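Data block below; observations after.
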Amino acid sequence: MASATSSTVDTTAGGGGVHLPDTARDLVKILVTGPFGVGKTTLIGSVSEIRPLHTEEQLTEASAQVDDLAGVRDKSTTTVAIDFGRISLPGGVVLYLFGTPGQERFRSLWDDIAHGALGALVLVDARRIDASFDVLGLVEESGLPYAVAFNTFPDAPRHHTPEQLRAALDLEPTTPMVTCDAREADSSIDSLLTLVQHLIDHRPAEHR
């Protein structure tokens, strides 16, 4: 696999052709995961070169009884199965992006969605870090290599240092941690490239 800066990635979010480019060589399944309302659907939509697939439904009064809306009161929809998008990177690498539901009640889907993935990008909301613990536990139990991206919400606290954030999530020193704006394609691509580089660095030399 190969990596490059976001400025070299040729993609038009939400548009582009349906067919794989002729240069496609390595097809890689990546999970985009995180708690409810953290921006997974937004990130995939911002970078996908095809029209992204979304399985979103309106939140109802019934779901409000089981879904924790603390910190995301303005959210009106939720993913109930998967989000899906695709992005082609230089060097013939194509990422298939699978967004997972963020609620505990959809946990039974996790193994099916994660099957065959090479790694995961875990989105975190600095306003409610504790909401990410369950998802991080699932990723670690699966054995998937992962990177953490703090999605920058306008009212997120700015006073935490990277060391404090890493300690709050109990991350290993080798786990990449970045910030991103899931609404911005370049920022989202940079986060994905951080994960891709992490996957490259941790593959056996003969498979790089």
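Note: hydrogens, waters and symmetry copies are ignored here, and every other heavy atom, side chains too, is used. Predicted model, so just to flag it, every value in this text is computed and none were measured.
Screening V135, V148, L43, T42 for a side chain to side chain contact (heavy atoms under 4.5 Å, CB included) with L123, the sole residue that qualifies is L43. Of the options L199, L171, L31, a side chain to side chain contact (heavy atoms under 4.5 Å, CB included) to Y146 is made by L171 and by none of the others.
Contact check for S46 versus E184: no side-chain heavy atoms found under the 4.5 Å cut-off. A heavy-atom distance below 4.5 Å is not found between the side chains of D190 and V178. Using a 4.5 Å heavy-atom cutoff, the side chains of F133 and L138 are not in contact. The shortest side-chain heavy-atom distance between Q164 and T161 falls under the 4.5 Å cut-off. Residues L165 and E163 form no side-chain contact, since every pair of their non-hydrogen atoms from C-beta on lies 4.5 Å or further apart.
Between the side chain of S48 and the main chain of R86, a donor-acceptor pair closer than 3.5 Å is present. The backbone N or O of T194 lies less than 3.5 Å from no partner atom in the side chain of H198, so there is not a single donor-acceptor pair. Of the possible donor and acceptor atoms, none in the side chain of N151 sits under 3.5 Å from a partner among the backbone N and O of D125. A donor-acceptor contact shorter than 3.5 Å is absent between the side chain of S188 and the backbone of V47. Judged by distance alone, the side chain of S142 and the main-chain N or O of V139 form a donor-acceptor pair under 3.5 Å.
From L97, atom CG reaches atom CD1 of I82 across 11.0 Å, with rounding to the nearest 0.5 Å. Here CG of L192 is found 8.5 Å from SG of C180. Values are rounded to the nearest 0.5 Å. Interatomic distance, L136 CG to E140 CD, rounded to the nearest 0.5 Å: 6.0 Å.
Using bins of under 30°, 30° to 60° and over 60° for the plane-to-plane angle, the ring pair F84/F98 lands in the perpendicular bin.
In this structure, F150 has no ring-ring contact (aromatic ring centres under 6.0 Å, His included) partners at least two apart in sequence or on a different chain.
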Problem set entry | Intermediate values then yes/no, side chain to side chain contact (heavy atoms under 4.5 Å, CB included), V32 and D83 | CA-CA 9 Å; V32 178; D83 294 314; over 6 Å; no
Problem set entry | Verdict with reasoning, L89 to V94, per side chain to side chain contact (heavy atoms under 4.5 Å, CB included) | CA-CA 6 Å; L89 304 179; V94 178; over 6 Å; no
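For residues 28-38, the side-chain hydrogen bond (donor to acceptor under 3.5 Å, both in side chains) pairs, not counting sequence neighbours, are T33-T100. Pairs of residues two or more places apart, or lying in two chains, that qualify as side-chain hydrogen bond (donor to acceptor under 3.5 Å, both in side chains) and include a residue from residues 172-181 are D181-R183.
Note on R127 versus D155: salt bridge recorded, some NZ/NE/NH1/NH2 to OD/OE distance being below 4.0 Å.
Scanning all heavy atoms of the two residues, the minimum distance from G39 to A182 falls at O-CB, 3.8 Å. Among all heavy-atom pairs drawn from A147 and L195, the shortest one is N-CD1, 3.7 Å.
In this structure, D130 places its CG atom where more than 12 heavy-atom neighbours from other residues, nucleotides or ligands lie under 6.0 Å away.
In this structure, L144 is a member of the same hydrophobic cluster as Y96, with clusters built from ILVMFWY side-chain heavy atoms closer than 4.5 Å.
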